[in-house]
Structures are given as structure tokens and as C-alpha cells.
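Below is one structure, written out as C-alpha cells; comments come after it.
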Amino acid sequence: MTPDSISQLLDPLNEAQREAVQHVDGPMLILAGPGSGKTRVVTHRIAYLIAQGVPSHCILALTFTNKAAQEMRLRLDGLAPQHRVWTGTFHKFCARTLRIHAPLVGLAENFTIYDTGDSKKVVKQAIQNCEVDLRHHSPDSFVNHISNLKNKGVTAEEFVPRPGHALEAIIGKVFPEYQKLLRLANGVDFDDLLLHCVELFRNSPELRQTFDEKYAYFMVDEYQDTNLAQYQLIRLLNHSIQNLAVTGDPDQSIYGWRGATLKNILGFEHDYPNVKIVRLEQNYRSTKSILRVADQLIENNLKRKHKRLHSENEEGKPVRLVAYPTPQDEAIDIADSIALAIQKGGRRPRDFAIFYRTNALSRSLEHSLRLAGVPYQVVNGHEFYQRREIKDLVAYLHLLNNPRDNVAFERIVNVPPRKIGKVTLGRIRSFAEDNRLSMLEAARSCDSISAISKVPNAKIKQFVLMMDRLSEIRSVEVETIIKAILDETAYRDWLTDDGSEEGHERAGNVDELVVAAQEFDSEHPEDGGLERYLEQAALVSDTDVWESTADFVSLMTMHAAKGLEFPCVYIVGLEDGLLPHERSSNDDEEIEEERRLFFVAITRTQEELQISRAMSRFRRGSYWPTIASRFLMELPRQSMAVFEPSSSEVNSDILDEIDPWLHGGVDDKIVDDSLAAGIPEDLDISFDPAMFESPESLTRGLKDRQKLPSFTPRIFTGAEFADQQEKLRSTVRVHPNAFRIGMQVEHLDYGIGTIVMLSGKAAKKTATVDFSDLGKKRFRLAFCNLQIVDE
DNA sequence: ATTCGCAAAGTTTTT
DNA sequence: CTTTGCGAAT
């Protein structure tokens with residue numbers, strides 16, 4: 001490599017970044033504040049290593065999400081074409097490793113990766129087998145407990161219940177039974193992927209050695225979010241050669257509830273005494289006013305290493321802090337602001353993101369964005385694979401790939417109905433258990449099960465024969481397999497038989513699965529196949545499905561926002577019980593994690609940030625008054641644009657006293673019951689200007705305090721509102737429900753095509769259109785500009 | 001064996 | 001409000 005290309009790698013960096021990039025051998029800890037160019041440093045360092053003669057296949061880079069891995073790969077392709085660096089998530093790395101060496105930990109290569117729902121089923125079975133009394137505990141609590149244990153690196157054999165601890169005593173029975181059932185089914189849960197991998201390297205020192213040497217250069221991203229199992233894995237792969245570089249930021253640790261432990265990053269210096277530490281503290285992302293807010297907030301955490309974020313960016317607009325009367329007001333105002341900024345402010349939809357603590361908060365935001373005609377995407381990736389019909393079909397695939405998969409077997413043996421009921425199933429199950437068979441094997445030899453009578457016996461045989469026929473084609477393309485399953489089972493007809501709309505919707509989702517499989521097949525001509533398909537289906541994360549290039553406003557949880565950045569950000573629902581969440585309010589450590597979560601959300605912002613709360617919130621079936629989040633009191637409010645609620649929006653004088661934000665902020669207290677009385681979420685009106693007071697009243701609290709940089713909240717009233725609505729209407733968009741299968745439609749870019757399938761509903765309603773020459777394309781009907789071609 | 005209906009319970013974040 | 005689970009009826 002030429003000196004020229006080396007300087008290309010180093011020139012765009014600041015001093016600290018350059019120091020990190022040029023570090024070659026030995027352990028390194030990169031403490032990277034938000035927006036400090038971490039990804040750039042990591043990718044440039046890898047390119048630098050390659051330039052120094054390190055073979056690229058000796059480099060292993062583990063990230064937190066597939067998305068981050070993909071991003072890294074993309075940048076690397078630009079910096080070091082034809083590199084062979086292995087990038088991916090911990091879970092994926094472990095899955096791949098286990099596939100090759102499964103027998104060493106008592107698994108077969110074709111093991112199934114169970115998602116949380118599947119694990120829950122296994123836990124339930126385990127509870128039943130143990131015949132324990134679970135009146136006081138839900139299966140969910142067992143799943144969580146077991147997962148927590150695993151995250152701490154405690155295996156079923158090692159677990160010893162504390163004496164006198166009732167729940168732990170039960171877990172002491174259920175946990176081993178659960179593991180036994182998993183093993184019988186040749187399945188693993190998410191945590192097992194890591195644990196089995198650790199076990200693998202512990203059991204086989206030669207293999208460990210091989211990996212250690214093969215991946216001489218090892219990088220780990222988001223080190224503050226690693227748990228004990230991941231830590232152990234890292235240590236095992238860094239035993240002989242300690243060229244480990246980790247990046248992280250203790251202030252951004254937000255996965256403690258999943259077993260992540262700050263000890264890993266805080267103890268790094270202890271683990272590797274000769275460590276090189278690089279601090280990246282200059283922020284290139286956010287304006288000064290945003291950083292000030294973030295900095296002041298995180299200062300309230302006691303358990304942290306002090307760090308001051310600094311930046312040479314502009315001061316920027318003040319951060320807005322707004323209290324809305326209702327969640328609807330919050331949603332409508334945000335949607336309108338975004339719509340206006342797109343129309344007049346030169347912004348694009350993809351410049352915006354809205355963050356919330358819980359997924360449930362997305363509903364009203366979606367509703368308002370739809371009304372405002374703003375295209376948006378909600379980032380939650382598992383949704384599709386969680387649907388019943390999809391899970392059913394995927395279960396068929398699992399059973400084909402791993403015939404021992406009892407969870408899959410139980411799920412689909414009678415779906416569609418084959419007259420194999422609970423009783424018969426129970427008989428198969430106990431026969432399987434008595435003879436150490438998988439349920440499919442047991443079903444195969446159902447002649448030997450005397451308790452099963454003639455009719456069910458025949459039905460079972462039919463099922464087994466069908467699976468045999470399908471099994472013959474299990475190594476062809478995934479699309480073909482799914483189609484064959486649909487053929488054999490008449491699954492689609494079963495869905496649509498009743499003629500209900502729901503049935504057709506589900507059938508549409510089934511069709512979408514076929515298209516997705518088709519896409520997978522064409523994207524993976526070499527490394528495809530059933531097993532890989534199932535693996536990626538199991539390991540997709542929420543952020544992975546986020547389309548960064550698509551022109552949508554992004555809605556996501558604060559957790560999903562990690563690692564992303566947007567010019568304009570809205571953070572909603574800053575209310576006590578939501579943030580900090582009521583389930584996290586137990587001790588200081590949890591509160592600090594919630595604060596870090598808020599910190600992460602704030603620091604995603606590049607230019608404009610609004611933080612808001614509503615004075616009432618819909619919970620448990622009705623509207624309840626809210627209390628401001630304690631975190632709001634920790635912000636530098638004197639340098640922010642604060643929009644307080646006007647007096648008529650205050651819920652009650654009782655709350656006024658509790659609510660720290662309101663306390664002393666409002667003079668005349670008027671009780672207004674109507675606010676808490678409840679406004680239907682589906683209210684059909686687009687927006688009633690009367691719901692807002694005049695802009696003056698909203699800014700009143702502000703004027704009373706002090707003069708702030710000019711910033712007037714934009715609120716549409718009367719004519720202006722009508723004007724805006726008219727503008728929205730001028731792009732005539734056909735209503736999503738107006739489309740039918742078989743219709744001719746016209747698209748601006750693709751021309752005329754025929755709708756071949758419809759799926760999803762409301763904002764997610766999707767049409768697949770066949771443009772003969774150009775192939776099939778899929779559209780979100782609520783956003784695309786598809787016109788119906790008149791006959 | 002399946003379906004329907006009612007009651008109760010539970011509501012975070014995710015690989 | 002939702003989802004889930006259980007029990008009774010068909």
C-alpha cells in the first residue's frame with residue numbers, strides 16, 4: 001500500500017482518532033462519546049491494519065446489531081476493497097460457530113434457534129413436567145429468571161437455589177428440565193447461543209486455540225453493553241494473542257436489564273494491564289445547545305466516569321421543552337411541525353425521528369402522521385414474524401430443517417386442523433418421552449401407541465407422510481419449499497375459507513412471506529438455503545429492518561435509536577412512570593440506566609430537538625393525569641425554549657402540587673375535568689384548531705421567566721390550518737382501501753402494472769404490483785403515489 | 001375436536 | 001384497553 005493511501009486513511013482524523021487508528025498490536029480501549037466518529041475510527045483502523053500487512057481474514061469485528069455490522073462492511077468496502085473481514089453480531093458469530101461444531105456441545109448442526117415465544121412454550125412444558133405449583137408465579141417470570149441466570153453465566157447444573165427461597169427452589173427444578181427439553185428438541189434459545197459457544201471453547205482447548213490464532217485481531221463494538229457470556233467469549237478468544245480493541249461509552253449503557261454489565265468496560269484496564277486507552281471526546285454530531293442539555297442531564301448520574309462533551313459545532317437552536325394537554329395534541333403538533341418543515345423548511349421526511357420509551361406510544365403518532373400526509377416507518381422488526389400465520393409456516397420450515405423440533409411439531413401438527421387433538425397429542429408426547437424419541441419420530445411409530453385409536457392413527461400417518469414428501473425437497477430454494485408447504489396443507493385456503501376480511505389479510509401476509517423468501521433466495525445465491533433463512537429470520541433485530549435511505553420519518557423506541565443519528569428529533573412521553581419507566585424505578589441503578597437511555601436519545605440529534613410530555617396519558621383503558629418526568633428537572637431549562645401548559649390545561653390542583661414542573665409555574669389554577677375524561681384515539685377529525693390556545697397563551701409561561709432566543713411555536717389556526725390541509729390534499733393520494741387484487745395501477749417511475757397481492761392493514765397495508773418487464777415491486781399504499789388506471 | 005365466550009390479568013426495553 | 005387462558009357447549 002502506498003504512503004498516499006495511508007494518508008488518505010489518516011488525514012480526515014483528529015489527533016485522538018489517529019492515535020486509535022494507528023494502534024496495531026496489544027489491547028486497546030476506545031472510550032467514545034456520542035457522535036465522536038467511532039465507526040469511522042473502527043473502519044479506518046481495520047483498513048490501516050490491512051494496509052500494514054495484516055491479512056484481512058484474521059480480523060474479526062463484532063457489533064451489537066446486524067445493521068451496525070452492515071454499515072461497517074459498507075464503509076470497509078470503500079476503504080479496503082476485497083477485504084475478507086468477518087463482521088457480524090455476537091449471536092450470529094456464535095450461531096455460525098456452533099453450526100460447525102455442534103456435536104461437541106451435544107447438539108446437531110441443524111439446531112433450531114428459538115425466539116422468546118418458543119422458549120416460553122418450552123418453559124411451560126417444563127413446568128408441567130415438574131409438576132410444580134405455580135399459582136404464585138407466571139411462566140413469564142420463569143422465562144425471565146432463567147434468562148437472567150444465563151446472562152450471568154449460570155448454567156442449569158451450576159444453579160443452586162438459595163435456601164428458603166421459594167421461587168428459586170422451583171426454578172432449581174424447572175431450569176434443568178427446560179434445558180433437557182431444549183436438548184431433546186435440538187434447540188437453543190438466544191442465551192444458549194452464547195453459552196454453548198463458551199462451553200465449546202472451554203471443552204475444546206485446541207479449537208479455542210485455533211480461533212484465537214485465526215482471529216488475531218479482534219474488535220468489539222458497544223463494549224458497555226456486553227454481558228458475562230459475551231465477556232467470557234471475548235476472553236477465550238484473546239488468550240494467546242491479545243490484540244483486542246473495544247469501543248464503548250459507559251454513559252450509553254442501556255442494556256443492564258439484559259445482563260449487560262458495566263464491570264466489563266470499567267474493568268478493562270484491570271483485565272489488560274498494558275492497555276492503551278484512547279478517549280474520543282469531541283462531538284461532531286450535535287449543536288452546542290443539544291450537547292449542553294445532554295451533558296447536564298448525565299451529570300446527575302453518580303456512578304460514572306466524569307467526561308465533558310465538547311464540540312466546535314454551532315450553538316444552534318435552543319432545545320424545545322413542551323407540555324401538551326393530551327397525547328393527541330402532542331402527536332398532532334409534531335406531525336404538523338414535520339409536515340410544515342418538509343413543505344417550507346427544506347427538510348425531507350428522513351431528517352426526522354420520533355423516539356419513545358415504549359412501543360405502545362407509537363399509535364397516536366402514526367395516526368397523526370398519516371393524517372398530515374407524512375410518510376413514516378415504525379421500527380419494530382419482529383412484528384412480521386410474530387404473526388400467527390407466519391409463525392405457523394416458519395414452524396413447518398423448522399420441522400423440515402430439524403425434525404426433532406418438538407415446539408414446531410406441536411405448533412403445526414394440527415394446523416390446519418387434522419383432527420389430531422389435545423388428547424392424541426398428549427399420548428404422542430408421553431410415548432416420545434418414554435422412548436426418548438422426538439415427537440415426529442413418535443408420530444411415525446404411532447402404531448405402537450396402543451392408546452391411539454383408528455381414526456387419529458390414520459390422521460397422524462397422513463401427516464407424517466406429508467412431512468416426508470416435503471422433506472425430500474428441503475434443500476431447494478426456500479420459496480419453493482414454502483410453496484410446496486402451502487400446496488400440501490392447503491393452508492391458504494384454510495385461512496380464506498370463512499371469507500372473513502381477517503382471513504384474507506392473513507393470506508396476504510402469507511403471500512408476503514413467499515415474496516420475502518423469494519427475495520432471500522435471490523440475495524443469497526451461494527450461501528442461502530433453508531437453514532440460513534431460518535437463522536436470519538431468528539436473529540433479525542428491530543433496527544435491522546430500519547431503512548436508512550428510504551425517505552420516511554422514523555418512529556422507534558429509544559433503545560432502537562442507539563447508534564443512529566438524525567437532524568431533527570422529537571422525544572415524547574417524558575412522564576413519570578414512562579421515563580423513568582415504573583418497572584425501573586426500584587433502585588438508583590435502574591434510574592441511572594433510564595437516565596442514560598434519555599441521554600442516548602438526546603445525543604442522536606444533530607440540529608433540532610424537542611422534548612415533550614402530555615398532561616394526560618392513556619393507560620389501562622382510560623386517560624389519567626400525568627406527572628412530569630424527574631429528568632426534566634435536571635435539564636438546563638434556562639437555556640431552553642420552554643412551553644408550559646396554560647392554566648386551562650392543568651389537570652387538577654392536587655396534581656399541581658405534586659407535579660414538580662408545574663409547581664410555581666402557573667398562577668391561576670382551574671380544574672378542568674374534560675381533559676381527563678377521555679378522547680377517543682380514533683377521533684376522525686383531522687385537527688380541531690380550537691383545541692389549541694393561541695400561541696401567546698402557550699408562550700406565556702416563557703415570557704414570564706426570561707427572554708430566550710426567538711422561537712415561536714408554530715400552531716395552525718383558522719385559515720392557515722385550512723390552507724395547510726389543502727396543500728396536503730393537492731397531492732391526490734388514493735385511499736389504501738380502494739385497491740383490489742387484479743387492478744391496473746400506474747406508478748410514476750415504473751409505469752403501469754397489475755396488483756397481484758395485498759397484505760397488512762392501515763399504515764402498513766402493502767400492495768405487490770407486477771410491472772411485467774420490471775418485475776414485482778412492493779408499495780406501502782398509505783405513502784406511495786399509485787394511481788388506479790381507469791378502464 | 002373445535003369453537004365460542006367470558007373473566008382475569010397485565011401491561012419495557014431486545015438478541 | 002388489550003391479550004390470554006380457561007371452561008363449557010356444540
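Labels below follow one simple rule: chain letters A, B, ... track the order of the sequence lines, proteins then strands, and each chain is numbered from 1.
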| P gap between B:dT12 and C:dG5, integer Å | 16 Å
| task | Report yes or no: is the cationic atom of A:Arg99 (NZ for Lys, CZ for Arg) closer than 6.0 Å to the six-membered ring centre of A:Phe111, at no more than 45° off its axis? | result | yes
| field | Distance, rounded to the nearest Å, where A:Ile428 contributes CD1 and B:dA1 contributes C1' | value | 15 Å
| said: Using ring centroids (six-membered ring only for Trp), state whether A:His524 and A:Tyr533 fall under 6.0 Å. | reply: no
| request: Measure from NZ or CZ of A:Arg258 to the centre of the six-membered ring of A:Tyr255, then state whether that distance is under 6.0 Å and the direction lies within 45° of the axis. | output: yes
| field | Separation of atom CG in A:Asp225 from atom C1' in B:dT13, rounded to whole Å | value | 12 Å
Please write out each protein N/O paired with an N/O of nucleotides 2-4 of chain B under 3.5 Å, distance rounded to 0.1 Å.
residue: B:dT2; atom: OP1; partner: A:Asn414; partner atom: ND2; Å: 3.4
residue: B:dT2; atom: OP2; partner: A:Asn414; partner atom: ND2; Å: 2.9

| query | Could A:Lys38 and A:Glu222 be called an ion pair, given the rule that one side-chain N must be under 4.0 Å from one carboxylate O? | reply | yes
| said: Determine whether the aromatic ring centres of residues A:Tyr491 and A:Tyr396 are separated by less than 6.0 angstrom. | reply: no
| Hey, do the aromatic rings of A:Phe355 and A:Tyr570 have their centres closer than 6.0 Å? | no
Any protein N or O atoms within reach of nucleotides 7-12 of chain B? Criterion: under 3.5 Å, listing atom names and distances.
residue: B:dT11; atom: O5'; partner: A:Arg583; partner atom: NH1; Å: 3.0
residue: B:dT11; atom: O4; partner: A:Arg620; partner atom: NE; Å: 2.3
residue: B:dT12; atom: O4'; partner: A:His581; partner atom: NE2; Å: 3.3
residue: B:dT12; atom: O2; partner: A:Arg357; partner atom: NH1; Å: 3.2
residue: B:dT12; atom: O2; partner: A:Arg357; partner atom: NH2; Å: 2.2

| task | Provide, to the nearest angstrom, the distance between the CG atom belonging to A:Asn66 and the P atom belonging to B:dT15. | result | 9 Å
| query | Salt bridge between A:Arg617 and A:Glu330, side-chain N to carboxylate O under 4.0 Å? | reply | yes
Please tabulate the protein-to-nucleotide N/O contacts below 3.5 Å involving nucleotides 4-7 of chain C, giving atom names and distances.
residue: C:dG5; atom: OP1; partner: A:Lys124; partner atom: NZ; Å: 2.7

| message | Using the ring centroid of each side chain, check whether A:Trp257 and A:His559 are separated by less than 6.0 Å. | response | yes
| task | Take A:Arg411 and A:Asp118 through the salt bridge (charged side-chain N to carboxylate O under 4.0 Å, His left out) test and state the conclusion after the steps. | result | CA-CA 10 Å; A:Arg411 181 171 189 104; A:Asp118 299 328; 5.3 Å; no
| query | Whole Å only: how far is the CD atom of A:Gln230 from the P atom of B:dT15? | reply | 12 Å
| said: Please tell me whether A:Trp86 and A:Phe93 form a close aromatic pair, meaning their ring centres lie under 6.0 Å apart. | reply: yes
| request: Report the distance from atom CG of A:Asn148 to atom C1' of B:dT15, rounded to the nearest whole Å. | output: 14 Å
| message | It should be established whether A:Thr116 places a side-chain nitrogen or oxygen under 4.0 Å from OP1 or OP2 of nucleotide B:dT14. | response | no
